[in-house]
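First up is the structure itself, then whatever we jot down about it.
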Amino acid sequence: MILHQAPDDKLATEFFHRDYHDRGMLKWGGFYLSDHTSALAKMHAAEQVEQARPQQPLPEISRELAAAWHAQQPVHLQLNILDDDQVLTTVDGIVAGVNEDQIVLQLASDRFRYLALAEIRWVAWA
């Protein structure tokens with residue numbers, strides 16, 4: 001049995017003309033839906049504004065941070081810094097070190113952030 005071989009361009013043209021039914025944008029719906037829902041989830045999470053906590057005394061902040069540092073437990077900080085929407089900034093991470101009146105916080109992205117103790121409004125173990 002000998003198969004008849006058509007040139008590649010002709011074969012492709014016949015396939016798309018006779019056999020392939022383009023569903024248009026429907027084929028991208030699954031990708032869009034997944035990306036869209038994850039973007040919406042991030043947007044709604046960002047919209048949830050944390051209420052301003054009472055200013056903790058500096059000795060209490062220092063004690064909590066030192067205890068979290070020794071235990072290597074994550075902390076949740078509310079800072080005395082307002083973001084663009086006039087909302088108090090929050091930071092989550094692990095206390096990686098202390099330098100005089102500053103702490104070094106390791107963020108989830110493995111980056112480090114230096115914070116002065118005076119910038120911290122409230123601290124709790126996460």
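At least one side-chain heavy atom of Ser62 sits under 4.5 Å from a side-chain heavy atom of Leu117. Counting only heavy atoms from C-beta outward, the side chains of Val75 and Leu105 approach each other to under 4.5 Å. You'll find the side chain of Asn80 stays beyond 4.5 Å of the side chain of Ile120, heavy atoms only. You'll find the side chain of Ile103 reaches within 4.5 Å of the side chain of Leu77, heavy atoms only. Side-chain contact check for Val98 versus Leu65: every heavy-atom pair is 4.5 Å or farther apart. When side chains are defined from C-beta on, His76 does not count as touching Arg53, because their heavy atoms never get closer than 4.5 Å. In this structure, Ile94 and Gln72 have side chains that are in contact, with non-hydrogen atoms separated by less than 4.5 Å.
Note that CZ of Arg18 is 11.0 Å distant from OG1 of Thr13, once rounded to the nearest 0.5 Å. A distance of 9.5 Å separates CG of Leu88 from CD1 of Ile81, quoted to the nearest 0.5 Å. If you take CH2 on Trp122 and CD1 on Ile61, they are separated by 11.0 Å, rounding to the nearest 0.5 Å.
For Ala71, the side-chain contact (heavy atoms from CB on, under 4.5 Å) test picks out Gln73, Trp125, with sequence neighbours left out.
Each of Gln51, Gln56, Glu50 was compared with Gln78 under the side-chain hydrogen bond (donor to acceptor under 3.5 Å, both in side chains) criterion, and only Glu50 meets it.
Residue pairs meeting the side-chain hydrogen bond (donor to acceptor under 3.5 Å, both in side chains) criterion with at least one member in residues 106-119, sequence neighbours excluded: Gln106-Asp110.
At a threshold of 4.5 Å between side-chain heavy atoms, the hydrophobic network of Ile, Leu, Val, Met, Phe, Trp and Tyr places Leu107 and Leu115 in one connected group. By the criterion of side-chain heavy atoms lying less than 4.5 angstrom apart, applied directly or through intervening Ile, Leu, Val, Met, Phe, Trp or Tyr residues, Trp69 is grouped together with Leu58 in one hydrophobic cluster.
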